[in-house]
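The structure displayed is predicted, hence computed values, not measured ones. Labels below follow one simple rule: chain letters A, B, ... track the order of the sequence lines, proteins then strands, and each chain is numbered from 1.
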Amino acid sequence: MSSRLHIYNTLTKQTEEFKPINPPFVGMYLCGPTVYGDPHLGHSRGAVMMDVLFRYLSHLDYKVRYVRNITDVGHLLNDADEGEDKIGKIAKANQVEPMEVAQQYTNAYHNALEQMNVLPPSIEPRASGHIIEQIEMVKEIIKNGFAYESNGSVYFDVLKYAESNDYGKLSGRKIEDLIAGAGEERRSLEGQEEKKNPNDFALWKKATPEHIMKWNSPWSVGFPGWHIECSAMSDKYLGKQFDIHAGGMDLLFPHHESEIAQSSACGCNTPNYWMHNNMITINGQKMAKSLNNGVLIEELFSGNHHLLEQAYSPMTLRFFLLQAHYRSTLDFSNEALQAAEKGYQRLMNAAAKTEGLVSSESSDMDIQAWKDTLYEQMNNDMATPQVIATLFEAAKWINEIDAKNLKITASDKNILHTTFHNFTFQILGLIPEESGNNEALDGVMSLVLDIRKTAKENKDWPTADKIRDGLKDAGIEVMDGKDGSTYKLK
RNA sequence: GGUCGGAUGGCCGAGCGGCUAGGCACGGGUCUGCAAAACCUUUUACACCGGUUCGAAUCCGGUUCCGACCUCCA
């Protein structure tokens with residue numbers, strides 16, 4: 001593998017060397033959440049994947065502008081009899097302002113990601129704050145002849161576009177198949193009869209009277225279609241051409257395919273690299289509301305879900321996500337999460353030991369080769385599972401050096417420490433989790449452990465064991481080491 | 001139905017022509033007053049049937065399962 005970053009490009013279906021348009025600057029865009037509900041596990045995956053890319057590019061000294069949007073303009077509900085705004089629907093049901101709903105779930109999303117140590121993006125634009133830009137883009141598309149107005153709504157003319165462009169080049173679909181497949185299988189969504197062709201998609205939608213999220217436009221009081229926001233906001237903040245556009249695989253079609261069409265139709269260039277993360281399954285089944293197995297991020301952290309045997313920490317989740325490659329499906333189960341929890345702890349224990357290692361005159365391992373391997377793996381389309389495996393290789397060395405079974409020179413130790421920490425904390429974004437200790441508890445525990453120490457010295461085992469067992473029942477685990485006892489909250 | 005992807009040891013999950021991935025669990029061991037924790041360590045694989053090759057988990061063909069998208073979705 002090359003020493004330069006390569007990423008898999010969904011557009012070309014190949015792993016390509018990453019060449020920024022204007023180095024050292026890099027522009028990247030991630031399709032963020034529609035804030036009509038609390039964030040679920042699926043949301044965490046794309047956010048963590050792009051966070052690692054963001055961190056790695058920054059580590060490589062690129063100047064990255066990372067844009068991650070918030071979709072707070074509702075899309076059509078598929079299960080409603082007539083088109084209705086997701087956010088508007090919830091707002092009406094709860095007697096609150098639509099923006100109140102959007103804010104609530106935006107906060108929840110931020111809170112979940114912050115706990116997972118996901119860095120905030122450089123810019124986080126909201127769709128509702130860019131209605132004007134979206135209207136301007138729609139105007140441009142109409143002017144160029146790729147969209148038409150119909151009864152106050154504006155639709156993108158897919159067939160017209162396909163005459164001179166390849167509609168389907170991203171998702172691998174053929175326009176003929178799309179036309180053939182349309183029709184009987186399609187749900188009768190409102191406004192289908194307004195379209196020239198069933199494959200045409202809305203750029204602007206006229207609002208029905210009961211619709212509460214709506215804006216004025218040259219065509220009607222209404223709201224933007226569901227693909228236009230990303231085109232408008234990426235254009236505004238990243239320019240006519242930018243480097244990376246990412247999102248979940250489920251957005252490949254029609255969302256991203258349509259984005260490409262829109263952007264091309266208004267004279268904007270499309271991103272050079274498209275990246276898509278794969279989906280999450282639970283106990284081998286896809287995560288879906290209909291299967292009643294959807295898990296919210298907060299539910300995972302609290303353990304409050306019928307499929308969860310216990311709570312799993314934010315770092316356990318982050319580590320778990322990183323242990324699988326982002327382009328593979330990832331299966332959640334209690335067994336797998338518990339394994340991740342242990343593995344994460346093992347890695348953290350090793351990380352804590354690196355600085356205090358005693359150096360020798362020689363080294364028993366090739367630290368430079370190990371370091372090179374880490375970069376090669378990261379450069380190979382962010383092979384985080386392999387990076388983690390390589391870090392575990394060093395974890396074993398660290399333990400052996402600590403146990404005086406292996407030797408390391410001072411300069412190698414320095415490389416080991418710096419590299420281990422760079423990859424674990426800076427690039428993978430893992431952090432040691434606080435045990436929840438506080439000063440008062442530390443004071444109490446210090447006293448209790450001191451009493452137990454005295455009991456042990458007097459070989460008063462019943463008392464020593466009573467303290468240990470009693471604390472265990474109270475949720476505190478005592479760990480006896482060579483240099484005395486420590487504790488942690490369970 | 002159309003398009004695309006996947007089937008790896010008890011579990012998760014890398015690898016994608018020859019070299020033990022890794023983590024967890026299990027077993028063995030070190031440590032300990034006994035434990036726990038921590039650390040060390042052994043074993044268990046590549047869905048099935050053909051083919052190509054000196055050599056295939058890895059390439060090709062077929063079979064069987066599973067999944068994703070085609071409709072809001074990360």
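Comparing the P positions of B:C54 and B:C40 gives an interatomic distance of 43 Å, to the nearest angstrom. Annotation: B:G13 and B:A21 have their C1' atoms spaced 10 Å apart (nearest Å). A distance of about 37 Å separates the C1' atoms of B:C24 and B:C72, rounded to the whole Å. On the P atoms, B:G61 is 12 Å away from B:G5, given to the nearest whole Å. Taking atom P in both B:U58 and B:C46, one finds a spacing of 11 Å when rounded to whole Å. Rounded to whole Å, the separation between the C1' atoms of B:C66 and B:C48 comes to 15 Å. Separation of the P atoms belonging to B:A25 and B:G33 is 25 Å when rounded to the nearest angstrom.
Between A:Arg68 and A:Asp51 there is no salt bridge, since no side-chain N of the basic residue sits under 4.0 Å from a carboxylate O of the acidic one. Salt bridge present: A:Asp465 and A:Arg468 bring a charged side-chain N and a carboxylate O closer than 4.0 Å.
For the pair A:Glu229 CD and B:C72 P, the interatomic distance rounds to 13 Å; values are reported in whole Å. A straight line from CG of A:Leu406 to P of B:C40 spans 10 Å, rounded to a whole angstrom. The separation between A:Met275 atom CE and B:A74 atom P is 18 Å, rounded to whole Å. As rounded to whole Å, 19 Å separates atom C1' of B:C12 from atom CZ of A:Arg318. Rounded to whole Å, atom P of B:A74 lies 13 Å from atom CG of A:Asp38. The CG-P distance, from A:Asn349 to B:G23, rounds to 14 Å in whole Å. Between A:Met249 atom CE and B:C73 atom P there is a gap of 16 Å when expressed in whole angstrom units. Protein atom NZ of A:Lys396 is 11 Å distant from nucleotide atom C1' of B:A21, rounded to whole Å.
At B:C40, one or more side-chain N or O atoms of A:Asn399 fall inside 4.0 Å of OP1 or OP2 (strictly under the cut-off). Residue A:Gln386 places at least one side-chain N or O under 4.0 Å from the OP1 or OP2 atom of B:G15. Neither OP1 nor OP2 of B:C69 sits under 4.0 Å from any side-chain N or O of A:Arg173. Between A:Arg327 and B:G6 there is no side-chain N or O to OP1 or OP2 distance below 4.0 Å.
Residue contacts shown for A:Ser328 are limited to sugar-phosphate atoms, with no base heavy atom under 4.0 Å away. Counting non-hydrogen atoms under 4.0 angstrom, A:Asp402 reaches nothing in the nucleic acid. Heavy atoms of A:Ala339 sit under 4.0 angstrom from at least one base atom. Residue-level contact check: A:Met279 touches the bases, meaning some heavy atom is under 4.0 Å from a base atom. Nucleic acid contact for A:His276: none, since no nucleic acid atom lies under 4.0 Å from a heavy atom of the residue. Residue A:Asp480 is in base contact, counting any heavy-atom pair closer than 4.0 Å across all strands shown. Note on A:Arg468: a base of the nucleic acid sits closer than 4.0 angstrom, heavy atoms only. As judged by a 4.0 angstrom heavy-atom cut-off over every strand, A:Leu251 is placed among residues touching the sugar-phosphate backbone only. Using a 4.0 Å heavy-atom criterion, one finds that A:Lys342 contacts the sugar-phosphate atoms exclusively. At a threshold of 4.0 angstrom between heavy atoms, the contacts of A:Gln338 with the nucleic acid are absent. Using a 4.0 Å heavy-atom distance criterion, A:Ala403 is classed as making no nucleic acid contact.
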Quick one, A:Asp331 with A:Thr329, criterion side-chain hydrogen bond (donor to acceptor under 3.5 Å, both in side chains). Give me CA distance, side-chain angles, the key distance, then yes/no.
CA-CA 7 Å; A:Asp331 190 53; A:Thr329 53; over 6 Å; no
A:Glu376 and A:Asn380: side-chain hydrogen bond (donor to acceptor under 3.5 Å, both in side chains), yes or no, with the steps?
CA-CA 6 Å; A:Glu376 277 170 25; A:Asn380 182 15; over 6 Å; no
Dot-bracket for RNA chain B, 5' to 3', Watson-Crick and G-U pairs with both distances under 3.5 Å, [ ] for crossing pairs, | for partner on another strand, reads (((((((..(((.....[...)))..((((.......)))).....(((((..]....))))))))))))....
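Between A:Tyr375 and A:Tyr56, the ring planes are tilted. Angles from 30° to 60° get that label. Ring planes of A:His43 and A:Tyr109: perpendicular class, angle over 60° (limits at 30 and 60°). Ring geometry for A:Tyr161 against A:Tyr167 counts as perpendicular: the plane angle is over 60°, on a 0 to 90° scale with 30° as the lower cut. Using a 30° and 60° split on the angle between ring planes, A:His421 and A:His417 fall in the tilted class, from 30° to 60°.
With RNA chain B read from its 5' end, the first of the two nearest nucleotides for A:Lys13 and A:Val478 is the one closest to A:Lys13. Of the two residues near RNA chain B, A:Ile280 and A:Gly343, the one whose nearest nucleotide lies more 5' is A:Gly343.
Between A:Leu252 and A:Thr10, the closest side-chain pair of non-hydrogen atoms falls below 4.5 Å.
Here the nucleotide nearest the side chain of A:Ala324, chosen from B:G23, B:G13, B:C34, is B:G13. Between B:A36, B:C39, B:G10, one nucleotide has an atom nearer to the side chain of A:Glu335 than all others, and that is B:G10. Taking the side chain of A:Pro385 as heavy atoms from C-beta on, and the options B:C11, B:G33, B:G13, the nearest nucleotide is B:G13. Side-chain proximity of A:Pro254 to the nucleotides B:G22, B:G33, B:C70 is greatest for B:C70.
Put simply, CG on A:Asp366 and CH2 on A:Trp370 are 11.5 Å apart, with the number rounded to the nearest 0.5 Å.
Both thresholds, 5.5 Å between centres and 30° between ring planes, are met by A:Trp461 relative to the base of B:G33, so the two rings are stacked.
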